[in-house]
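Right, one structure below, let's go through it.
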Amino acid sequence: MNVIHTNDAPAAVGPYSQAVLAGNNLYMSGQIAIDPAAGKIVAITIEDQAEQCCKNIEAVLKAAGTDMTRVVKTTCFLADIADFKAFNEVYAKHFVSKPARSCVAVKDLPAGALCEVEALAVIEE
């Protein structure tokens, strides 16, 4: 088991890792729209926050030596289900391989985020 970390994505804000590689499975923690350079959420709209979430996921995948095409499953959390369509438009630009997905609305997300995305990727041996 290997812990994956990159400074190009937000550092974990608790007792967890950005991702863990177990065998050829990469388990990624949920990413919210924290801008790693600013250390906080700077995006205001759902579109901009979804974009930052995807950039954060891409950075962690790159640190693990892979990319978005290897993602097989995502779980998406929205603070407001009314943002579903706008979120999907951004998500579709990044997850072009169309991994399996769950998407649910939740009461609250950390740091007042509008969305959070976690992913599972399979790394080629």
Side-chain angles (χ1 to χ4, degrees):
M1 197 165 75
N2 297 318
V3 171
I4 305 297
H5 174 79
T6 178
N7 291 330
D8 294 329
V13 295
Y16 60 91
S17 302
Q18 290 172 328
V20 173
L21 183 61
N24 65 338
N25 293 315
L26 181 68
Y27 299 91
M28 296 182 60
S29 295
Q31 291 291 318
I32 59 174
I34 293 175
D35 178 324
K40 63 183 180 178
I41 295 174
V42 295
I44 297 169
T45 67
I46 185 64
E47 293 89 353
D48 290 343
Q49 286 200 20
E51 184 71 32
Q52 186 65 57
C53 288
C54 291
K55 286 179 181 177
N56 293 343
I57 288 170
E58 289 169 342
V60 175
L61 287 165
K62 182 177 179 184
T66 194
D67 60 34
M68 297 290 265
T69 65
R70 304 300 298 170
V71 174
V72 296
K73 170 75 167 83
T74 63
T75 305
C76 307
F77 306 93
L78 302 176
D80 186 344
I81 200 65
D83 289 333
F84 187 78
K85 182 180 180 195
F87 173 83
N88 272 343
E89 289 175 9
V90 175
Y91 177 97
K93 290 189 299 185
H94 292 274
F95 291 95
V96 295
S97 61
K98 297 183 180 179
R101 183 180 94 169
S102 300
C103 186
V104 297
V106 295
K107 183 176 178 191
D108 290 309
L109 289 166
L114 301 177
C115 58
E116 179 173 352
V117 180
E118 66 179 32
L120 169 63
V122 176
I123 310 297
E124 290 186 61
E125 293 185 36

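Using a 4.5 Å heavy-atom threshold, the side chains of V122 and N25 count as touching. Side-chain contact check for E118 versus T75: some heavy-atom pair is nearer than 4.5 Å.
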Donor-acceptor contacts under 3.5 Å from residues 28-42 side chains, at least two apart:
| residue | atom | partner | partner atom | Å |
| --- | --- | --- | --- | --- |
| S29 | OG | S17 | O | 2.5 |
| D35 | OD1 | A37 | N | 2.8 |
| D35 | OD1 | A38 | N | 3.3 |

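Between Y91 and F95, the ring-plane angle classifies as parallel under the 30° and 60° cut-offs.
Taking D80 as the reference, A82, D83 meet the side-chain contact (heavy atoms from CB on, under 4.5 Å) condition, with sequence neighbours excluded. Applying the side chain to side chain donor-acceptor pair (under 3.5 Å) rule to N2 yields no partners; only residues at least two apart in sequence or on another chain are considered. Every residue two or more places apart in sequence or in another chain was checked for a side-chain contact (heavy atoms from CB on, under 4.5 Å) with K62, and none qualifies.
When all heavy atoms are compared, the tightest approach of Q18 to A9 is NE2-O, 3.3 Å. In plain terms, the two heavy atoms of V71 and P99 that are nearest each other are O-CB, 3.4 Å. Taking every heavy atom of both residues into account, L78 and L109 meet most closely at C-CD1, 4.4 Å.
When hydrophobic residues (I, L, V, M, F, W, Y) are linked wherever their side-chain heavy atoms come within less than 4.5 Å, V3 remains an isolated member. Cluster partners of V90 are absent, since no Ile, Leu, Val, Met, Phe, Trp or Tyr has side-chain heavy atoms less than 4.5 Å from it.
From D67, atom CG reaches atom CD1 of I123 across 8.5 Å, with rounding to the nearest 0.5 Å. Between the NE2 atom of H94 and the SG atom of C53 there is a distance of 10.0 Å, given to the nearest 0.5 Å. For the atom pair F87 CZ and C54 SG, the distance stands at 6.5 Å (nearest 0.5 Å). Note: E58 CD to T66 OG1 = 11.5 Å, rounded to the nearest 0.5 Å. Atom SG of C115 is separated from atom CZ of F84 by 13.0 Å, given to the nearest 0.5 angstrom. A distance of 14.5 Å separates CD1 in I46 from NZ in K85, rounded to the nearest 0.5 Å.
With hydrogens and angles left out, the side-chain atoms of R70 and N24 include no donor and acceptor closer than 3.5 Å. Residues D48 and Q52 bring no donor and acceptor atom of their side chains to less than 3.5 Å of each other.
Side-chain heavy atoms closer than 4.5 Å link hydrophobic residues (I, L, V, M, F, W, Y) into clusters, and following such links, possibly through other members, connects M68 to V117.
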Problem - side-chain contact (heavy atoms from CB on, under 4.5 Å) between N88 and R101, intermediate numbers included - result: CA-CA 11 Å; N88 272 343; R101 183 180 94 169; 2.7 Å; yes
